[in-house]
Every structure is written in C-alpha cells, then in structure tokens.
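Below is one structure, written out as structure tokens; the observations come after it.
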Amino acid sequence: MYLLVVAASVNEHDMLKTLVEAIPKILNWIIAFKGSQDSKVPVVDFGSDYGLRNLKISEVIDIEEMAWAPKYGLKGIIDASIRVKVESSGNEANEKILPLEFKTGKVPNGQSSLEHCAQVILYTLLMSERYLRHIDSGILHYLYSDQTQGIMVRRSDVVGLIMRRNELASDILKASKMQQLPPMLRSPSMCRNCHHLAVCTIYHKVHGGSTESSGLGDVFDSHVYHLTAAHCAFLQQWDRLIDLEAKETQLVRSEIWHSNAMKSDRSTNCLSSIVLDASNGFSQQKSLKDNRFIYRFVPRILLPHNVYASKGDSLDAPSPPVNDLDCTLKIGDYVILSTESGHQTVASGVIADIGQFHVSVSLSKRLRLPSSNSLPEANDLLQEVWRIDKDETMTSFSVMRSNLVQLFLQNAQSSHLRNIIVDLEPPRFDSGCVFSQDPAISYIWSVKSLNGDQRRAILKILTAKDYALILGMPGTGKTSTMVYAVKALLMRCASILLTSYTNSAVDNLLIKLKAQGIDFLRIGRHEAVHEEVRANCFSAMDVQSVEEIRLRFNQVKVVAVTCLGITSPLLANKKFDVCIMDEAGQITLPISLGPLMFASKFVLVGDHYQLPPLVQSTEARENGMGISLFCRLSEAHPQAISALQSQYRMCQGIMELSNALIYGDRLRCGSPEIANRKLKFSRLKSCSSWLNEVLNPHKPIVFINTDMLPAHESKDSKTVNNPVEAYIIAEVAKELIKCGIESEDIGIITPYNSQANLIRTAVCIISVEINTIDKYQGRDKDCILVSFVRSSENPRNYSSSLLGDWHRINVALTRAKKKLILVGSCKTLSNVPLLKLLIDKVNEQSGILNVSHEDIKLEEHNVEQVGCC
DNA sequence: TCTCTGCAGAGAGGA
C-alpha cells in the first residue's frame with residue numbers, strides 16, 4: 001500500500017480516508033448478503049431477461065483469486081470468489097459459485113458499463129476453467145453508489161467477447177510478424193484523454209502514418225512533430241528486433257499454456273512428482289514479517305517412510321534418486337504451482353529455499369485447491385502430486401518496448417537521451433581544470449591506492465557532462481574504481497543510481513560500498529537480493545508510513561536496482577544526478593535505456609571484448625540486437641572511453657595470451673609480483689609423467705591435446721559433451737589437490753552445460769567449482785581448467801558454434817590468475833581461426849602436451865563410468 | 001546452434 005502511495009504521490013491521509021470510508025461499505029454489503037436465518041434475503045437485478053433474484057452468500061471462498069485459463073489465453077485476478085444461494089420467485093434455491101467484482105469509480109449513467117459486464121463475463125469463463133464446472137453468472141458491485149448488479153452470462157455475449165479477443169490476438173500477431181498496426185480509431189473525443197495517446201501516435205507516425213490518417217489533426221502533430229526520419233527508423237528497427245527476440249523466446253519457453261504441457265517433463269525449469277512435506281506439522285509456516293505462507297515439498301519417492309527416518313537434507317540418498325530436484329530453479333525465482341491431476345496454475349509464488357531433496361515455495365496466501373473449501377487444514381492438499389514450473393512470463397519484453405518508446409516522447413529528458421543515443425551526438429566534457437577547487441577531484445588525486453588508469457577513469461566520470469564509458473578489461477579493478485567514483489561523486493552531493501542487469505552484479509558492487517561505509521538503498525525483491533545487503537531493502541526496514549520512506553530517500557544518496565527493477569513504484573518520479581551501469585557490455589540497448597531515463601548523465605562500465613548481451617534469435621542478433629549501448633557509444637566516440645589497462649589478476653604468461661589474441665598488447669600487469677605469480681604446491685610428486693608436465697609450475701599455460709586418443713565428442717539430441725575430456729579434467733583436478741592446491745582455488749569451465757554436468761559427476765569426490773564459461777564471466781581462480789569439448793573425426797566449420805564466438809574464448813582465457821590448463825583437440829579446434837592462433841601461441845610459449853593412450857591409462861570402464869553418470 | 005538473467009497485480013474518463 002505504501003508503495004502505491006509513493007508512486008501516485010497522493011496524500012497518505014487522503015488515501016487512508018478513502019480506504020477507511022470504503023471498508024464499512026464492503027462490510028455492510030457482505031453482512032447484508034450473508035444475512036441470517038430470519039433476515040430479509042436481498043434481491044439482485046439480473047437484467048431484463050432474467051429479472052430479480054434473491055441472493056444469499058453462503059461462503060467467501062477466496063479473495064484475489066488467481067485464475068489463468070490457457071484454453072482462452074486469458075488470465076486475471078478475481079476480487080472475490082463466492083458461493084451463493086440464488087432463487088427466483090417461487091423456484092427452489094440453487095447453489096452456485098460465482099465471481100464478484102467491486103468497482104470504486106463513478107457509476108456510469110446509473111447503469112453498469114459494458115466494459116464492467118464484459119470483465120465479469122470473462123471472469124466466469126476463467127472460473128469455469130479453474131473450478132472445472134460451468135459458471136453462468138457473476139456479480140458487480142459499485143461501492144460509491146452501493147448498487148449491486150447481477151450478470152447472467154448469455155451465450156451470444158461470450159461468443160462476442162471471444163471474437164473480440166481473437167481479433168485482438170490477430171492484430172497483435174500481425175503487428176509482431178509484419179510490423180503492421182491496426183488503423184487508428186480516428187476519434188478525437190475518444191483519443192484525447194486516452195492514457196496511450198502519446199505512444200499510440202508515435203507508433204502511428206513511425207509506421208508511416210500521417211496527420212490525415214491519424215484522424216486527430218493538431219493533437220497528432222503536437223505529439224510527433226519532433227521525430228525525424230532517423231528517429232522513426234531507429235524505433236522501427238529496435239521494435240522489430242524485440243519482436244524477433246520475443247518470438248524466439250516464446251518458442252523455447254516452458255509450455256505451461258499448452259494443454260499437453262503436463263506430459264512433457266523434459267524441461268529443467270520444472271519440478272514434477274513432488275508432494276507436500278507433512279513431517280513438520282503441515283509444513284506451512286506463516287512468516288510474521290510479510291504475511292507470506294511457506295510450503296515445503298519433497299520428491300514423492302521420499303515419502304512416506306524415509307522422510308520420517310531422518311531430518312532435512314541429511315538423509316541418505318535414495319537409490320536411485322528418481323527426482324533429486326536437479327533443476328535450474330533457484331531461490332527468488334517466480335514459479336507456478338500445479339497439480340498433476342489436472343489443476344493447472346493453482347497458485348503462483350516465489351522459491352524461498354531449494355535443496356537436493358526439498359523445495360520451499362513462498363505464497364502470498366494460503367494454498368487451496370479450487371475444488372475444495374477454504375478450511376485451512378485441508379487434507380486434500382496432501383493427497384495431490386504437485387509440479388512447480390518457472391513462471392516465464394516475459395515481462396522483460398514489455399519493459400524493453402516501454403523503455404524504447406519513452407526515448408521518443410516529447411520531453412526534455414527524452415530529448416537529451418535521444419540526441420546522445422539515437423543521433424550519436426558527441427559527449428561533452430568539462431575542459432578539465434585539474435587544479436580546480438572541486439573537492440571530489442582533489443580527493444581522487446589524494447587516494448594512493450588508485451593507479452593512473454583508474455584515476456583517469458574517475459576524472460573522466462567527474463568531468464563528463466553527458467556520459468563516460470569505462471572499459472574495464474579483465475582483472476583491472478573495475479569494481480574498486482566504481483567504489484571510488486561513487487565516493488568522489490558523493491563529495492559533490494550528487495545522487496547516484498547504481499544498476500546492472502543481474503542482482504548479483506548489483507550486490508557485488510554494494511558489498512564493496514558497504515565495506516567502505518557508504519550508505520545506500522537497495523530496491524528489489526527481498527528473495528533475490530544478496531543477504532549481505534538485504535538490510536538495505538525497504539522490506540527489512542519495518543517502515544510504518546510513506547513519510548518514513550520519503551525520509552529514508554532523503555537521507556540516502558545512493559540507490560541500487562537491477563535494470564528491470566526500475567519499474568518499482570518506489571522509483572516513480574525519482575531523479576538522480578548520475579546513473580552508473582555495471583556490466584553494460586552485456587545488456588541489450590532497450591533494457592539499458594530504462595535506468596538512464598532517471599538520470600541527467602550516465603556512466604557505462606563494461607568490456608565489449610567479453611560476452612555481448614545474450615540474444616536468442618539469430619535474425620535479431622544478425623541485425624544488431626547484440627550490440628549493447630556500451631558498444632554503440634564506444635564505436636561512435638572512442639574519446640569518451642577511459643580504459644583500465646593495468647590488471648591485477650593474471651600472471652605474465654596468461655596475460656600475454658589474451659593480449660595476443662584479443663587486446664592487442666593493451667593489457668599490462670599491475671606489478672612485478674602479479675606478473676610472476678605461480679601456483680605453490682606443497683608437494684610435487686606424481687606417478688605419471690604427463691601429469692608432472694601439466695603441473696610444471698614454470699608453465700603458466702598448458703594445452704593438453706587429445707588427438708592421439710579416441711576422445712571424440714558425443715552428441716545427445718541437442719547437447720554436446722566429451723567423456724574423455726571430462727575424465728582428463730577430473731584426473732588433473734584430483735592431482736592438483738593431491739599436490740596441495742586448495743579446492744576453492746580451482747575452477748573448471750566449459751562452453752556446454754552438458755559437459756559441466758559430466759565433469760561434475762567425474763570429480764564427484766572433490767568439491768571444485770564447475771560452470772559454463774558464460775556463467776563464469778566476472779569471476780577468477782588461481783587455477784582454471786578449460787574443457788573445449790569439440791572433437792571429431794572429420795572436423796567441420798565450428799564458427800557458428802559456441803566456440804566460434806571470440807568473446808567467449810576471451811572470457812575463458814582470462815579467468816586464471818596463476819595457471820591455465822586447456823584440454824581439447826588441436827585438430828578440431830584449429831578449424832576456428834582464433835583457436836588456431838591460440839594453439840600456435842601456446843605452442844610457442846610452452847609447447848603442446850600430447851597425451852597418448854598409455855599416458856592416461858585410459859581404461860574403457862573409466863570413461864564409460866563418466867559417460868553413463 | 002544450444003549460451004540464460006530478469007520480472008507482479010489493477011485501477012481509470014468523458015461530448
């Protein structure tokens with residue numbers, strides 16, 4: 001509630017007054033309709049065809065009930081679902097379930113409006129689906145005038161609505177496929193006060209519309225006169241890219257909207273065959289703080305006996321674990337709960353906790369099956385077999401579209417950003433008077449721990465009038481540079497919006513800021529925020545009023561939020577002096593626009609030599625969707641870039657490799673100590689000579705060539721892996737640990753998920769971090785092992801595979817501090833030009849290590865073991 | 001060719 005008040009910036013007291021006035025009205029209505037044995041049964045008018053009916057509520061089944069109907073492609077939230085007894089004069093009363101909709105606004109002409117009736121009729125459709133029974137009527141109640149209207153669903157009304165729905169769906173399809181919008185309504189009276197007028201007219205103009213075709217005359221002109229042909233082309237181009245990407249994503253996303261979804265269990269974004277865990281009471285705890293209900297589920301196979309035998313996750317793994325909850329769901333993900341007996345989308349919630357043998361889901365209300373009554377101790381829940389699907393409602397696309405169109409609105413902020421981003425006007429900088437009185441600048445000169453690059457980067461930020469770009473090559477201390485930039489900006493009393501795409505990137509930065517004693521506000525969902533910064537969320541602050549929220553905003557200069565989190569009502573109407581965006585090279589342009597709208601200037605921090613934004617659709621990628629704003633501006637105005645080139649991560653040898661392949665000798669070691677880093681073994685003894693060679697501390701880079709082995713990739717439907725490589729990686733990892741390297745100093749990376757899983761089973765006894773290259777961006781370890789996977793008898797062109805992307809190769813090569821061990825087939829990999837260069841370079845530096853059959857004593861069963869796990 | 005993070009919601013006016 002506080003959030004809405006903040007967003008609408010209405011007076012808190014006024015709002016409370018409205019609310020307090022409405023409560024007794026609702027209450028009176030309920031009392032009147034619930035009635036008692038002897039009280040008079042109220043009469044409701046169901047329109048001319050059906051007349052007056054006596055109506056008595058026997059139960060309020062649910063409020064704010066979620067109702068999704070895949071069959072109709074509709075979803076909604078029903079104000080109240082009620083069970084009633086209806087009787088028309090003389091006839092026997094029959095019991096019904098129906099939707100009740102409250103309206104607060106004015107009553108249109110004393111008659112309920114067509115729109116409101118249509119809404120209720122749609123609700124009856126949704127409820128029919130949910131309750132698996134025919135629901136033929138609904139109730140509309142106007143609080144302002146205390147009028148109750150009954151709605152009896154006529155078949156012709158439903159047909160009309162469904163036809164209208166189909167028209168709309170077809171228009172949307174046409175717009176996204178052929179970039180063709182339906183014609184304007186051409187009705188100034190209707191359009192003048194429409195909330196979508198600005199966006200609507202902009203789109204009309206962009207798609208070739210004119211003042212005449214809009215039918216709106218001057219109103220049209222006043223909304224679009226500022227748009228040039230270049231602006232229109234830009235909006236049209238990006239709108240199309242978003243369409244392409246949205247289409248692609250819809251194809252792969254979980255098929256919860258399809259009726260056969262229940263049968264396909266192949267998606268890893270779902271958990272099936274789980275049941276409620278009743279071992280600790282009903283496993284339903286109400287967390288006191290935020291009124292949420294937590295339900296704990298366990299695999300069905302674990303019940304009933306195992307769960308009672310031991311507690312929590314410490315139980316012996318059942319063999320085989322039919323479902324060890326091996327899926328990609330993680331804490332904070334939005335999910336949908338369904339039953340396998342046919343109730344789809346019973347409830348939606350958030351993963352509160354997930355382990356190998358349990359998953360807890362947090363719901364905003366009590367879990368209830370539509371068919372059952374609302375008693376809290378409903379045992380029918382325990383009888384059900386459940387499934388959890390990730391809620392993949394693609395809100396990111398709507399954020400993209402709304403960000404994009406905002407850029408073309410007729411206002412000062414949009415106009416400024418448009419000049420910079422669309423027209424690519426050169427950024428302006430203060431002619432840097434170094435000896436100025438600016439305390440921020442003197443502070444930066446006084447900080448001893450900054451190197452020359454970092455200081456120049458911060459000065460760039462401080463002198464920027466529009467924007468600054470910070471190119472942070474691997475290991476160059478991007479984060480600490482940002483921390484000092486924030487400190488310097490705070491000396492100028494600037495307000496700062498910190499952002500990045502992922503929660504983890506935002507929180508990483510915040511943890512460093514916190515260590516420096518800088519106060520900040522973190523906007524975001526409690527579950528998704530790192531625990532070290534959760535105390536800075538409003539959800540942890542126990543705010544009692546809007547005033548307290550305002551107060552807190554006034555105290556704090558730094559606010560942090562993810563790029564998609566900007567839609568939070570807490571940020572409505574907020575303005576900042578500077579927006580700093582981390583990992584900007586990985587964020588698509590339309591997404592990055594959002595946070596920039598809040599600030600008068602911005603700083604993008606990134607490295608466009610590392611992975612670009614993830615784009616699913618090849619067509620969208622080929623047409624420029626993978627070009628981040630960071631990349632666009634870097635290419636247009638190199639003078640806006642300040643590069644961090646002194647790196648503190650890699651030793652000389654590893655850095656040289658990256659310099660030779662990607663950075664053109666621009667990377668430097670921060671100090672001689674960094675340059676000469678070596679792995680320290682507490683003991684070096686190995687029985688096999690090839691492992692001795694791999695561990696040789698004088699070789700920072702080792703390439704293990706598998707060409708002499710039968711080490712071919714194996715393909716399983718869509719994924720690729722390589723069991724022999726997995727085996728070699730595991731052997732090396734075990735040897736490293738045997739020789740005294742701590743397991744937390746070792747990281748294993750590979751392009752493919754399937755290979756990561758294979759390696760995980762191969763090294764099962766030791767706990768080493770294993771991940772895809774993509775997920776490892778931004779991280780580092782003393783020793784990194786890379787499995788390239790690709791290897792075949794007749795190598796083909798791999799330029800369109802994951803290995804063909806040089807950004808990914810760059811990320812893989814720049815994660816290791818002291819030792820980089822690469823495993824792959826020289827013959828196959830040499831087909832990728834960059835990898836050919838890599839192999840040549842390593843050969844020059846330390847030679848390629850060819851392993852033979854005898855070397856690794858490749859017993860058939862070893863590999864088979866890995867292969868079958 | 002197979003890499004993957006984010007994100008509520010409903011509400012309303014007027015010749």
Side-chain angles (χ1 to χ4, degrees), chain A residues 3-4 7-8 64-66 75-79 101-106 108-109 113 115-116 119 187-197 248-249 251-253 268-269 328 330 332-336 348-350 364 390-400 402 499-506 524-525 527-528 561-569 583 586-588 591 594 611-618 621 626 715-721 749-756 771-777 789-790 796-805 807-808 811-812:
Chain A
L3 298 189
L4 293 174
E64 302 260 285
E65 183 166 21
M66 173 182 114
K75 55 182 196 175
I77 293 179
I78 298 160
D79 283 355
E101 173 72 18
F102 286 110
K103 290 290 170 200
T104 51
K106 286 184 209 159
N109 314 324
S113 79
E115 285 95 334
H116 295 164
Q119 188 184 1
S187 158
S189 58
M190 272 177 86
C191 297
R192 190 166 291 128
N193 294 305
C194 173
H195 293 105
H196 307 291
L197 180 62
E248 188 73 21
T249 312
L251 288 178
V252 295
R253 80 177 202 199
T268 50
N269 277 339
T328 56
K330 57 181 190 314
D333 280 353
Y334 279 109
V335 289
I336 306 288
S348 76
V350 178
S364 61
K390 187 164 183 204
D391 181 358
E392 287 175 302
T393 325
M394 286 291 148
T395 47
S396 54
F397 294 112
S398 59
V399 175
M400 283 188 193
S402 107
T499 185
S500 185
Y501 191 76
T502 62
N503 282 299
S504 64
V506 171
R525 300 153 44 219
E527 300 88 350
V561 66
T562 60
C563 287
L564 290 172
I566 50 147
T567 47
S568 163
E583 311 270 20
Q586 286 190 85
I587 307 173
T588 56
I591 293 285
L611 284 166
L614 186 81
V615 178
Q616 309 274 0
S617 149
T618 327
R621 197 166 44 240
K715 267 192 179 170
D716 163 35
S717 65
K718 281 182 173 176
T719 63
V720 199
N721 58 43
I749 52 177
T750 172
Y752 302 91
N753 263 321
S754 164
Q755 180 72 349
N771 247 323
T772 55
I773 298 172
D774 296 57
K775 278 193 184 163
Y776 219 75
Q777 179 152 331
V789 179
R790 280 306 163 96
R796 27 173 212 92
N797 181 11
Y798 287 98
S799 54
S800 55
S801 80
L802 290 184
L803 289 178
D805 190 336
H807 302 94
R808 186 170 287 107
V811 172

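Below, chain A is the first sequence line, B the second, and so on; all start at residue 1. Since the model is a prediction, treat every value here as computed from it, not as a measurement.
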**OP:** Tell me whether the OP1 or OP2 atom of B:dC7 has a side-chain N or O from A:Arg525 closer than 4.0 Å.
**Re:** yes
Original post:
Considering residues at least two apart in sequence or located in another chain, which fulfil the side-chain hydrogen bond (donor to acceptor under 3.5 Å, both in side chains) criterion with A:Asn753?
Top reply: none
Original post:
CZ of A:Phe397 versus C1' of B:dC4: gap in Å, rounded?
Top reply: 12 Å
**OP:** Mind checking salt bridge (Lys or Arg N to Asp or Glu O under 4.0 Å) for A:Glu101 and listing every partner two or more places apart, or none if nothing turns up?
**Re:** A:Lys103
**OP:** Convert the base pairs of DNA chain B into dot-bracket notation, remembering that pairs crossing earlier ones are written with [ ] and that bases paired across to another strand are shown as |; include only Watson-Crick or G-U pairs under 3.5 Å.
**Re:** ...............
Original post:
Is A:Asn503 near enough to B:dT5 that one of its side-chain N or O atoms lies under 4.0 angstrom from OP1 or OP2?
Top reply: no
Original post:
What about A:Lys75: does its side chain form a donor-acceptor pair under 3.5 Å with the base of B:dG9?
Top reply: no
Original post:
By side-chain hydrogen bond (donor to acceptor under 3.5 Å, both in side chains), which residues pair with A:Ser402, not counting sequence neighbours?
Top reply: none
**OP:** Compare side-chain N and O positions of A:Gln586 against OP1 and OP2 of B:dC4 and report whether any pair is under 4.0 Å apart.
**Re:** no
Original post:
Between the base of B:dC2 and the side chain of A:Gln616, is there a donor-acceptor distance below 3.5 Å?
Top reply: no
Subject >> Set of side-chain hydrogen bond (donor to acceptor under 3.5 Å, both in side chains) partners for A:Gln586, sequence neighbours left out >> reply: A:Glu583
**OP:** State which residues pass side-chain hydrogen bond (donor to acceptor under 3.5 Å, both in side chains) with A:Arg808; sequence neighbours excluded, sorted by chain then number.
**Re:** A:Asp774
Original post:
In whole angstrom, what separates A:Ile77's CD1 from B:dG11's C1'?
Top reply: 12 Å
Subject >> Heavy-atom pair of closest approach, residues A:Tyr501 and A:Thr562 >> reply: O-CB, 3.7 Å
